[in-house]
Protein chains: 4
Amino acid sequence: MTIRVVIVGQGLVSTHFVIGVERIKSGELEPYGVPLAKYNMPYRIEDIEIVASYDVDESKVGKTLYDVAEQLVKGVLPIPETLKNIVVRRGVHLDSLKGLPFKARGLEEEYNSVEKAVDKLVEEFKEVKPDVVINAITTEPAKAFHSIEVLEEAIRKYDKARLSASHVYAYALYKYAKETNSKAAFVNVIPAPLARDDAIVKLYEEADLIVLGDDGATGATPLTADLLEHLAERNRYVLSIAQFNIGGNTDFLALTIPERNEMKEETKSSVVKDILGYDSPHYIKPTGYLEPLGDKKFVSMHIWWKTFNGLEDELVVNMRINDSPALAGLLVDLARISKALLDRNVKGTVYPVNAFFMKDPGPRGARNLSRIRAFYQMIEYLKSMGIIQG
Amino acid sequence: MTIRVVIVGQGLVSTHFVIGVERIKSGELEPYGVPLAKYNMPYRIEDIEIVASYDVDESKVGKTLYDVAEQLVKGVLPIPETLKNIVVRRGVHLDSLKGLPFKARGLEEEYNSVEKAVDKLVEEFKEVKPDVVINAITTEPAKAFHSIEVLEEAIRKYDKARLSASHVYAYALYKYAKETNSKAAFVNVIPAPLARDDAIVKLYEEADLIVLGDDGATGATPLTADLLEHLAERNRYVLSIAQFNIGGNTDFLALTIPERNEMKEETKSSVVKDILGYDSPHYIKPTGYLEPLGDKKFVSMHIWWKTFNGLEDELVVNMRINDSPALAGLLVDLARISKALLDRNVKGTVYPVNAFFMKDPGPRGARNLSRIRAFYQMIEYLKSMGIIQG
Amino acid sequence: MTIRVVIVGQGLVSTHFVIGVERIKSGELEPYGVPLAKYNMPYRIEDIEIVASYDVDESKVGKTLYDVAEQLVKGVLPIPETLKNIVVRRGVHLDSLKGLPFKARGLEEEYNSVEKAVDKLVEEFKEVKPDVVINAITTEPAKAFHSIEVLEEAIRKYDKARLSASHVYAYALYKYAKETNSKAAFVNVIPAPLARDDAIVKLYEEADLIVLGDDGATGATPLTADLLEHLAERNRYVLSIAQFNIGGNTDFLALTIPERNEMKEETKSSVVKDILGYDSPHYIKPTGYLEPLGDKKFVSMHIWWKTFNGLEDELVVNMRINDSPALAGLLVDLARISKALLDRNVKGTVYPVNAFFMKDPGPRGARNLSRIRAFYQMIEYLKSMGIIQG
Amino acid sequence: MTIRVVIVGQGLVSTHFVIGVERIKSGELEPYGVPLAKYNMPYRIEDIEIVASYDVDESKVGKTLYDVAEQLVKGVLPIPETLKNIVVRRGVHLDSLKGLPFKARGLEEEYNSVEKAVDKLVEEFKEVKPDVVINAITTEPAKAFHSIEVLEEAIRKYDKARLSASHVYAYALYKYAKETNSKAAFVNVIPAPLARDDAIVKLYEEADLIVLGDDGATGATPLTADLLEHLAERNRYVLSIAQFNIGGNTDFLALTIPERNEMKEETKSSVVKDILGYDSPHYIKPTGYLEPLGDKKFVSMHIWWKTFNGLEDELVVNMRINDSPALAGLLVDLARISKALLDRNVKGTVYPVNAFFMKDPGPRGARNLSRIRAFYQMIEYLKSMGIIQG
């Protein structure tokens with residue numbers, strides 16, 4: 001019983017994911033950072049098998065995962081030999097790396113057609129038979145379609161301005177599933193709206209697929225959610241929230257580009273009103289890029305509030321957090337849960353899972369919960385589905 | 001429909017409580033810091049009526065609550081005129097202020113008998129007819145009895161070494177209730193073990209009384225609980241926890257005395273193992289006294305952990321927190337909930353309420369939960385009792 | 001012996017300055033925040049007399065300083081009655097408030113001529129006879145001229161794009177001094193380059209005037225300078241520096257406009273290379289606007305370095321700082337020093353004074369020192385000039 | 001031209017010192033953390049030669065420095081082979097490790113005589129010919145003698161209660177120097193008062209020796225000194241100072257023993273009044289022991305003050321600092337400076353050097369300066385002595 005996983009975007013997150021899974025398989029690593037590691041589930045971590053990986057960065061395409069890992073984490077992590085078995089395939093670009101210092105080229109550029117790029121992906125999916133496709137490309141500007149027709153038209157017309165790479169990958173998985181009558185899940189851990197896009201959700205429901213998303217919740221935002229819940233439960237009146245993030249990985253570099261930053265600000269800010277019940281003034285966004293910090297970002301947060309008798313209290317949080325492994329640990333469970341849900345005939349998007357794992361949980365309009373609440377609701381849900389034991 | 005409240009220990013917490021309640025009654029203050037202010041409950045905040053107050057500090061006994069408030073918070077808070085109606089009565093001392101720079105004298109010293117002191121309290125309770133007695137005296141050394149006989153013997157023999165003032169007050173309320181066939185609740189927000197003392201819980205069950213406790217959960221400890229829950233849910237392995245607290249109020253002064261400090265360290269440390277599931281090395285205790293900080297303590301916390309792939313993350317929390325109003329806000333709901341529970345014939349101690357409001361929830365051996373979990377479990381419980389609406 | 005002070009820009013800083021000076025005069029306020037208050041100097045704080053104030057905000061022009069103070073700090077500070085004696089005059093705008101939510105109009109707009117606006121200022125200066133003009137307008141985009149001809153041409157041609165309000169005020173003071181053969185000092189505490197503009201410095205040298213600047217050093221930047229000096233003296237190798245600033249006053253609002261932000265980033269960043277000797281990667285700039293923080297900004301700083309044996313240490317600084325009073329306290333000494341220097345026939349700009357008081361000390365190309373070094377060098381200089389006693 | 005260095009106390013600090021020196025000699029390590037590395041001095045770092053090491057811990061005596069380093073820093077630092085050449089000798093105990101979980105035995109216990117222990121040390125010093133003896137034993141309780149007679153009597157009488165190991169080592173060096181007519185320096189980087197003990201200083205002056213001390217200034221205290229200087233220069237009125245330190249090395253373990261803690265609190269607190277000019281209320285001391293933190297301590301500091309117009313500002317500093325390498329880096333320069341001073345016939349204690357390098361600079365009664373001031377005064381002094389170039 002294996003889970004066949006395809007990776008989209010072989011950056012730091014995916015590299016941590018594949019290394020960590022291999023190290024856990026070989027018994028050298030404790031599964032810290034994998035939320036449900038202690039629960040008894042139908043699929044074990046060891047059941048995860050990486051079957052393909054896509055990227056558009058010319059310095060990665062054609063290399064093995066081992067080579068890519070050497071570029072990214074040599075000296076930081078031991079790199080398992082088994083990663084030499086997978087070669088990075090060329091994926092869809094659609095300007096998703098535009099403005100960043102990488103030489104990138106996508107299938108659609110080779111074919112001068114998005115449709116043909118989709119066909120190529122479908123063909124390759126037929127070969128590798130994915131259960132789960134994980135989308136972990138660099139944050140790209142993207143907008144929901146909400147209409148299947150508009151989405152399909154954008155693909156047909158190669159509408160670069162409207163179309164995101166994320167949408168194309170999700171669409172290719174749908175097409176593969178339709179043609180082969182297979183089941184599969186698409187897990188979207190970047191801010192592009194897929195689980196919040198009615199078009200994607202409808203397509204996936206129709207074809208018995210699952211889409212989980214959007215934007216994996218790690219680092220400062222889920223902690224902010226729980227801190228706000230903590231304050232809300234005491235009816236403390238939050239006067240303002242400032243949250244700074246600075247790091248030195250590709251995602252922070254990408255977020256210095258304003259339109260990408262806005263993608264992130266949106267998913268990050270939605271927690272405030274959803275949890276407090278009022279829109280406390282806030283400044284929450286990736287703040288800057290500072291290369292020496294690397295993947296270990298610095299986070300600073302200031303929250304203050306009115307307590308009983310109208311007096312004011314103040315809280316400051318500072319963190320040094322390894323950005324990519326935090327998300328990679330979530331991917332382990334997202335893969336395991338997705339497969340177990342597919343086995344149980346779940347389709348469309350799955351709010352109780354999204355609510356814990358995602359910064360902006362689908363479907364469209366769904367509410368952000370504090371993470372601690374979301375965790376226990378998810379546990380209940382997974383129990384009710386027989387995925388974890390009572 | 002009023003809630004008749006007797007206060008034990010007219011220090012900063014109680015003074016914030018009585019001022020805040022009066023200011024809310026007069027409409028000048030929003031009920032921030034009162035956890036359930038937004039819920040529809042059988043008793044409103046305005047139903048709280050202070051009917052008596054006890055202390056042993058000679059500078060307070062015989063003064064009105066207004067006078068005491070002027071000593072403690074003049075210039076910080078407006079002091080309602082209505083506080084002129086209550087005069088502080090002499091209570092039980094039993095060395096609970098020993099070693100502190102206060103001139104104190106208790107009823108038992110006047111009568112040279114704890115039994116007579118109890119009788120005096122019972123007599124006064126018959127006059128003021130309390131629904132709820134709130135114990136907010138300065139942290140005192142105290143040990144559970146677990147045996148009714150041993151407790152009663154200590155009272156009979158005036159055993160200063162064994163007996164705490166908190167136990168005597170709780171016992172007096174029991175005796176009052178027995179003699180008058182009344183119901184009442186004892187709310188213990190200091191570390192003395194009452195809700196965790198089998199002797200007290202049995203006496204209270206027998207007489208249809210309620211005891212809630214122990215040690216009101218405000219400030220750093222409940223936040224630590226929620227932070228640890230946050231980490232535990234992601235299976236991050238906590239390497240160590242350091243938590244410093246320093247303030248300038250009487251409680252911090254009291255905690256410079258080692259045996260009092262240990263009382264606090266015990267209630268504060270129990271969260272670690274209960275929530276994480278392992279006893280991560282920790283240093284969690286009131287650290288020092290620094291007079292200019294006054295009631296607004298400084299808290300600093302350091303937590304670090306292993307994340308996915310064995311890398312290490314780090315979290316630092318710093319706070320400036322008004323100590324007394326935070327607890328005073330909880331008292332508002334503890335009074336309201338206690339009375340509503342009495343109305344519904346609940347007796348003994350009430351874990352679902354303690355688990356949210358108390359640092360070390362009774363009964364003896366009960367588990368500490370993260371506050372966010374405890375909050376929702378309490379809400380469910382209160383709904384099931386018809387105290388808040390579905 | 002009085003110091004006749006003219007204020008330009010009657011915002012929070014100037015309002016704190018005039019209130020503080022009046023409160024010190026009346027004996028109700030200790031001179032905390034005034035660096036040299038404990039030194040024996042030719043001019044006492046009590047010698048400062050405010051003789052005029054300029055602004056272009058329509059809600060201030062024509063109002064008394066008392067009225068303006070009520071708008072800005074009512075309830076925060078007691079407002080002296082003596083402030084009713086000064087009425088805010090209309091000054092020069094030159095789009096210095098453009099993009100901000102204020103209705104502003106300058107003399108040059110009334111006359112449709114900068115030259116006439118200058119003449120009007122000169123005429124008014126003749127009436128009020130300033131010893132010191134303090135420029136504390138909101139941060140405006142501005143560039144140095146370095147050529148007197150180019151500066152004078154921009155004034156003649158009303159070249160809005162090239163000219164800053166700060167330059168026009170400085171020029172008007174020069175013209176006043178020439179025409180009346182008076183001495184005076186211009187103190188520039190905003191980032192506009194004046195003490196670093198060869199044109200201004202030459203004009204001032206020629207006319208026996210003094211210009212001090214640029215950008216008053218308060219808050220995070222001087223502290224960063226001293227922290228870096230501390231590290232440099234131990235030969236610790238600084239890996240990176242992140243410094244976030246967020247506040248809710250007009251200056252932070254202004255700094256959300258990119259070209260103003262750049263003015264500030266420039267003056268803030270110059271400390272790094274000057275003190276460390278190498279350009280350690282850094283992110284140092286005003287980061288955002290959050291209205292509820294008001295004038296008390298939140299600062300967060302992260303610095304890490306290599307220590308002996310190549311290991312890494314880490315420092316995080318968090319502050320809540322009242323922005324305006326910090327600068328207002330410096331103005332007290334800048335006024336006193338300026339007048340004493342004029343008495344001693346000093347002219348042009350004065351590096352030993354700028355080096356302590358200013359973020360980017362003039363003249364052009366001058367080096368930034370750590371504040372502690374700059375302080376003792378300034379003390380030596382002032383002793384050598386007989387302005388403070390050995 | 002070598003500097004022959006004897007180490008007393010082969011713990012983490014000394015181990016970092018010997019490893020770092022060897023790594024710098026071999027060219028593999030940059031001299032970060034060595035304050036004067038960039039200055040041109042008579043002795044280079046490469047001139048340092050370790051000639052002997054003393055300890056009383058049975059697990060170290062008789063082992064090579066390489067073996068000891070493997071016990072302490074294996075996996076953290078590369079350990080040079082050259083450390084295999086030095087074997088740890090048995091030193092003086094005098095209960096300096098009492099209460100700590102080490103099996104310790106000193107020469108005086110072997111001989112049942114302190115005098116004989118001194119003779120043994122003198123004999124060994126004659127063999128190794130030290131230029132500099134560095135005292136880096138674990139913090140021990142110790143009191144100054146101020147009288148040579150009383151010191152010598154305590155040695156004669158083997159007065160364990162009165163005598164510290166530090167004093168005995170310093171006395172042995174004196175005796176060695178007298179007998180051989182050699183020059184040497186004793187560098188004391190622990191809190192025991194030696195450079196502040198008139199008895200030691202007089203002996204050393206008489207014999208043309210140098211004693212530097214006491215308590216090497218690394219970590220939080222020198223930073224506090226510079227922060228207070230920063231505030232004092234702006235005449236900000238400091239309301240209180242809290243400084244917490246927690247770590248997991250032997251020194252923190254030792255400081256959980258109250259009488260050792262007091263040694264440290266004394267040297268740490270002296271900065272406040274010396275720099276501010278008034279004794280601002282403060283809590284400054286090693287706070288606790290938390291094993292997983294190891295040698296990288298966590299420091300938290302809270303300082304607040306009144307600024308201009310009586311408003312209050314607040315500063316919080318958090319640090320993760322490698323304790324031992326910070327001090328080891330200072331030892332490099334202390335050794336180099338000591339030898340250069342001996343060459344220039346300096347004797348007794350040397351305040352301008354102590355003032356920068358030591359928490360409580362000798363001689364007795366000497367004032368604590370901010371570090372930045374002390375640094376530049378030391379540079380001037382070293383220039384005046386021709387030890388560094390103008």
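In this text the structure is predicted, and so the values were computed from the model without any measurement. Reminder, nothing fancy here: chain letters follow the sequence lines and each chain counts from 1.
- When heavy atoms are compared at a cutoff of 4.5 Å, Val299(A) does not approach chain B at all.
- Side chain of Asn235(A) to main chain of Pro31(B): a donor-acceptor pair is present (N/O by atom type, distance under 3.5 Å, no hydrogens or angles).
- Tyr376(A) has its side chain within reach of Glu229(B): a pair of non-hydrogen atoms, C-beta onward, lies under 4.5 Å apart.
- Of the atoms belonging to Arg23(B), it is side-chain heavy atoms, and not backbone ones, that fall under 4.5 Å from chain A.
- When atom types are taken as modelled, the side chain of Asn309(A) and the backbone of Ile19(B) share no donor-acceptor pair closer than 3.5 angstrom.
- Put simply, the side chain of Asn322(B) gets close to the backbone of Glu312(A): a donor and an acceptor are under 3.5 Å apart.
- Using a 4.5 Å cut-off between heavy atoms, Ile24(A) touches chain B through its side chain atoms alone.
- Neither the backbone nor the side chain of Pro78(A) comes within less than 4.5 Å of any heavy atom in chain B.
- In terms of heavy atoms, Glu233(A) sits closest to Pro35(B) at O-CB, 3.2 Å.
- Of the inter-residue distances, the one linking Leu330(A) atom CG with Phe308(B) atom CZ reads 9.5 Å to the nearest 0.5 angstrom.
- Taking Glu28(A), Arg373(A), Lys296(A), Met301(A) one by one and counting their heavy-atom pairs under 4.5 Å with chain B, the maximum is reached by Arg373(A).
- Contacts with chain A were tallied for Ile379(B), Thr218(B), Leu29(B), Val76(B); Leu29(B) has the most, counting heavy-atom pairs under 4.5 Å.
- Within the 4.5 Å cutoff, the side chain of Leu311(A) has heavy atoms near those of the Leu77(B) side chain.
- Between chain B and the residues Trp305(A), Phe356(A), Phe17(A), the most heavy-atom pairs under 4.5 angstrom are made by Phe356(A).
- Applying the 6.0 Å contact sphere to NZ of Lys25(A) captures more than 12 heavy atoms from other residues, nucleotides or ligands.
- Annotation for Ile372(A) and Ser370(B): closest pair CG2-OG, 4.4 Å, computed over non-hydrogen atoms.
- Interface check for chain B: of the options Pro325(A), Ala326(A), Ser324(A), Gly277(A), the most heavy-atom pairs under 4.5 Å are formed by Pro325(A).
- Counting only heavy atoms from C-beta outward, the side chains of Asp226(B) and Leu227(A) never approach each other to under 4.5 Å.
- By the 4.5 Å heavy-atom criterion applied to side chains, Arg371(B) and Arg234(A) are counted as neighbours.
- Between chain A and the residues Arg236(B), Arg320(B), His230(B), the most heavy-atom pairs under 4.5 angstrom are made by His230(B).
- Note that CD of Glu314(B) is 9.5 Å distant from CD1 of Ile321(A), once rounded to the nearest 0.5 Å.
- With chain B as partner, the option from Ile303(A), Asn318(A), Leu231(A) having the largest number of non-hydrogen pairs under 4.5 angstrom is Asn318(A).
- Between chain B and the options Ala232(A), Ala37(A), Pro222(A), heavy-atom pairs under 4.5 Å are most frequent for Pro222(A).
- Top candidate by heavy-atom pairs under 4.5 Å with chain A, chosen from Leu327(B), Val317(B), Val332(B), Leu223(B), is Leu223(B).
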